[in-house]
Amino acid sequence: MIERLLPGDVSCAATREETVPDGTLFPEEEELIARSVAKRRNDFATARACARRAMGRLGLEPVAVLHGKRGMPLWPDGIVGSLTHCDGYRAAALARAVDVLSLGVDAEPHAPLPEGVGELVVRPSERERFAGSRAGEEGGIHWDRLLFSAKESVFKTWYPLTLTELDFDEADLTFRREGDDRAGYPAAGGTFTARLLRTDPAVPPVLDGRWRVEDGIVATAVLLRPNWRDGQAGGSGAGAVQEV
């Protein structure tokens with residue numbers, strides 16, 4: 001899924017496997033999760049197995065992927081990337097820094113957000129747009145979960161460039177739907193625009209992304225090019241047919 005949301009100069013790898021063979025992790029990675037529960041270990045290891053596959057597709061030797069503050073993956077020099085994991089899906093997306101300044105990917109189970117979470121994630125303006133669209137009438141898409149995932153991708157793009165927090169209410173998102181991929185499967189994917197309500201000179205005020213729902217998973221991606229100051233930020237493309 002993730003590879004369908006990003007351009008060809010981004011190396012993507014994904015798996016639906018819940019575990020990977022023993023010995024997959026480097027010793028320094030093992031040290032990071034030595035006291036973690038089984039689920040955390042599986043999430044960590046499968047995501048890094050994807051990262052190593054993505055490295056290989058860029059012609060890189062496999063290396064350990066440690067993390068910094070806020071869980072930010074630490075990539076080899078000259079590489080940018082993002083990891084994501086949820087029940088039933090793990091993925092990595094990597095690119096060379098000469099081609100991509102920053103990127104963020106996220107995957108979530110395609111189900112409603114837990115009770116009470118939506119109030120923390122959805123801005124009033126976003127709720128109004130959803131209510132005024134045909135999304136509720138057509139069904140098939142859990143827009144609150146999609147919004148959560150998209151904001152996670154926005155954060156993962158923002159944080160490596162600023163090293164500052166970006167709250168859920170500091171980005172206002174507008175979604176657009178593209179045509180169905182197959183009969184009977186409404187609103188399989190599209191694009192979104194994130195208007196940032198917090199400014200930083202390292203990031204443009206608007207970020208573009210793509211989204212997709214498939215086989216019980218919602219996935220989102222945001223990409224920022226190094227030349228965004230020339231008016232070429234983002235990598236999502238166009239083709240939207242309806243805002244939601």
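Count residues from 1 along the sequence.
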- Shared hydrophobic cluster, Met55 / Leu6 (ILVMFWY, side-chain heavy atoms < 4.5 Å): no

- Under the side-chain hydrogen bond (donor to acceptor under 3.5 Å, both in side chains) rule, what pairs show up with a residue in residues 73-89, not counting sequence neighbours? none

- Task: Going by the salt bridge (charged side-chain N to carboxylate O under 4.0 Å, His left out) test, name the single residue among Arg123, Arg198, Lys151 that passes it with Glu170.
- Result: Arg198

- Message: If the test is side chain to side chain contact (heavy atoms under 4.5 Å, CB included), which one of Arg16, Arg41, Arg90 qualifies with Thr46?
- Response: Arg90

- Item | Derivation of the side chain to side chain contact (heavy atoms under 4.5 Å, CB included) call for His110 and Ile217 | CA-CA 5 Å; His110 186 225; Ile217 300 294; 5.8 Å; no

- Minimum-distance pair of heavy atoms, taken over all atoms of Leu103 and Ala95: CD2-CB, 4.3 Å

- Task: Answer yes or no: is there an ion pair linking Arg53 with Glu3, defined by an N-O contact shorter than 4.0 Å?
- Result: no

- Is any side-chain N of the basic residue among Arg96 and Asp9 closer than 4.0 Å to the acidic one's carboxylate O? no

- Query: Using the ring of each side chain (for Trp, its six-membered ring), is Phe175 parallel, tilted or perpendicular to Phe192, with breaks at 30° and 60°?
  - Reply: tilted

- In chain order, what residues pass the side-chain contact (heavy atoms from CB on, under 4.5 Å) check against Val122, with sequence neighbours excluded? Glu126, Arg127, Leu147

- Check the hydrophobic clustering (I, L, V, M, F, W, Y; side-chain heavy atoms under 4.5 Å; chains of links allowed) and say if Val63 and Leu94 are grouped together. yes

- Can you find a side-chain donor-acceptor pair between Ser149 and Asp106 that sits under 3.5 Å? yes

- Item | Lys/Arg N to Asp/Glu carboxylate O, Lys39 vs Glu18, below 4.0 Å | no

- Judged by modelled atom types alone, do Ser125 and Asp172 share a side-chain donor-acceptor pair under 3.5 Å? yes

- Query: Any donor and acceptor pair, going by atom type alone, linking the side chain of Thr191 with main-chain N or O of Arg210 inside 3.5 Å?
  - Reply: no

- Query: Can you check whether Phe168 and Phe148 have ring centres sitting under 6.0 Å from each other?
  - Reply: yes

- Query: Do you reckon Leu58 sits in the same ILVMFWY cluster as Val105, going by side-chain contacts under 4.5 Å, direct or chained?
  - Reply: no

- Note on the structure: Scanning both residues in full, the closest heavy-atom pair of Leu32 with Phe44 reads CD1-CZ, 4.0 Å

- Step-by-step side chain to side chain contact (heavy atoms under 4.5 Å, CB included) determination, Glu165 to Phe155: CA-CA 8 Å; Glu165 303 288 336; Phe155 177 86; 3.8 Å; yes

- Message: Keeping Arg145 on the side-chain end and Ala111 on the backbone end, is there a donor-acceptor pair under 3.5 Å?
- Response: yes

- Supply the atom-to-atom distance Leu74 CG to Ile79 CD1, rounded to the nearest 0.5 angstrom. 13.5 Å

